[in-house]
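Naming convention: chains lettered A, B, ... in sequence-line order (proteins, then strands); numbering from 1 in each chain.
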There are 2 protein chains.
Amino acid sequence: MTDATPFRLQDFLPYLLNHAAEEVGQGFGRIYKDRYGMLRTEWRVLAHLGQFGPMDATQIGTMARVHKTKISRAVAALQAKRFVTRDTVDEDRRRARLCLTRAGQAAYADLAAIALEHDRALAARLTPDEHAVLLRCLRKLGRDLPTP
Amino acid sequence: MTDATPFRLQDFLPYLLNHAAEEVGQGFGRIYKDRYGMLRTEWRVLAHLGQFGPMDATQIGTMARVHKTKISRAVAALQAKRFVTRDTVDEDRRRARLCLTRAGQAAYADLAAIALEHDRALAARLTPDEHAVLLRCLRKLGRDLPTP
DNA sequence: GGGTAATGGTTGTATTTGTAACCAACAACG
DNA sequence: CGTTGTTGGTTACAAATACAACCATTACCC
């Protein structure tokens, strides 16, 4: 074993991943923040409900791999904005079925369209091939995100 | 324009990137946290000094794209751990030259070795080709990280 | 049924982070 | 020189996060 450590921070995957995620996330982040005063978890909850329909907090947390306290507070914020409603479900009165309001759906539609455009702009910085490989790699590295 | 939005959160690059970064970052994060009680920025400062030698806070901040207040606090924490020293430089007495102590170098050597191993384990989950493309993509997506 | 455990969700508190204001040293210009 | 503007760095305060403790309800099991 040689004494020189060949470790290079600039090639360290966690470092690069984090940088790219921050950089890329910030771009879209400013949008939902400026337009709706939302935090990232709020956007995610909104997106999940918009995409998969009514769910309870635990389902969202499982799918998005977000801790329940974060979900709880995000839901509270979205309720305050009149973007979601909660109905306690009768079969199990611990659970609450979260639903987008009209306004919530509108916000989701608005943001989803921008997100799509944003995503296309990002993809345009890569070749189609690179893009495909990138998605595959990211899915391999993060645990798979379950769908409903 | 059709009414159905083809936006899919599971394919949204910022989302995937963030997931992968969190997942991957947590693995190594637990190590420097458990072993040395360090936060991420502290590890980064340590790594920069270990790799590039003495620098001042601004240089590190520029290279790592980290805000100066975060650097400032990380340096304070590293000083408290006796991992770095600060010498005010004579030509410009606002600047402080940051230097790893013996103990700091040892911690860096320890962590760098683990990081390297960790990185190899991650790379092993991808084909060599995928790995190469991934690094290229991440560099394209995040702004380039300047070297000294 | 009645006790115990597990689950869905919220709240409290300690850390961590972001933002802005700040101080000291240097630079530039009259 | 002074006075004004920059730059390196720290501090103060607000916002956000993590972690643990906590209710309420349901499930299990004797």
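When heavy atoms are screened at a 4.0 angstrom cut-off, B/Arg86 is found touching the sugar-phosphate backbone but no base atom. If you check every strand for non-hydrogen atoms under 4.0 Å, B/Ala96 touches sugar and phosphate atoms only. Across all strands shown, B/Leu39 has heavy atoms under 4.0 Å from sugar-phosphate atoms exclusively, and none from any base. Using a 4.0 Å heavy-atom cutoff across all strands shown, B/Glu91 reaches sugar-phosphate atoms only and no base atom.
Rounding to whole angstrom units, CD1 of residue A/Ile71 and P of C/dT7 are separated by 18 Å. B/Lys68 places its NZ atom 10 Å from the C1' atom of C/dA20, with the value rounded to the nearest Å. What separates CZ of A/Arg40 from P of D/dT17 is a distance of 8 Å, to the nearest Å. Protein atom CD of B/Gln59 is 16 Å distant from nucleotide atom P of D/dT7, rounded to whole Å. Taking atom NE2 on A/His67 and atom P on C/dT7, their separation rounds to 14 Å, with Å as the unit. Rounding to whole angstrom units, CZ of residue B/Arg95 and C1' of C/dA27 are separated by 13 Å. Counting to the nearest Å, the C1' atom of D/dA20 and the NZ atom of A/Lys70 are 17 Å from each other. D/dG8 atom P lies 17 Å from atom CZ of B/Arg97, rounded to whole Å.
The residue among A/Arg94 and A/Arg73 whose nearest nucleotide of DNA chain C is located toward the 5' end is A/Arg94. Toward the 5' end of DNA chain C, the nearer of the two residues A/Val75 and A/Lys33, judged by each one's closest nucleotide, is A/Val75. Summary of the strand contacts: A/Thr69 and B/Asp56 both lie near DNA chain D, and taking for each the nucleotide with the nearest heavy atom, the more 5' one is attributed to B/Asp56.
From A/Gln26, atom CD reaches atom NZ of A/Lys33 across 10.0 Å, with rounding to the nearest 0.5 Å.
In the set C/dT11, D/dA18, C/dT17, the nucleotide with an atom closest to the side chain of A/Ser72 is C/dT11. Relative to the side chain of B/Asp92, the nucleotides C/dC26, D/dG9, C/dT10 differ in distance, and C/dC26 lies closest.
Contact annotation: A/Arg93 reaches the phosphate of D/dT26 (side-chain N/O to OP1 or OP2, under 4.0 Å). Between B/Thr58 and D/dT7 there is no side-chain N or O to OP1 or OP2 distance below 4.0 Å.
Take B/Ala123 and apply the side-chain contact (heavy atoms from CB on, under 4.5 Å) test, not counting sequence neighbours, and it matches B/His131.
Pairs of residues two or more places apart, or lying in two chains, that qualify as side-chain hydrogen bond (donor to acceptor under 3.5 Å, both in side chains) and include a residue from residues 72-88 of chain B are B/Glu42-B/Lys81.
Under a cut-off of 6.0 angstrom, the local environment of CG in A/Asp129 is sparse, with at most 12 non-hydrogen atoms contributed by other residues, nucleotides or ligands.
Electrostatic pairing of A/Arg65 and B/Glu22 does not count as a salt bridge here, judged by no charged N lying under 4.0 Å from a carboxylate O.
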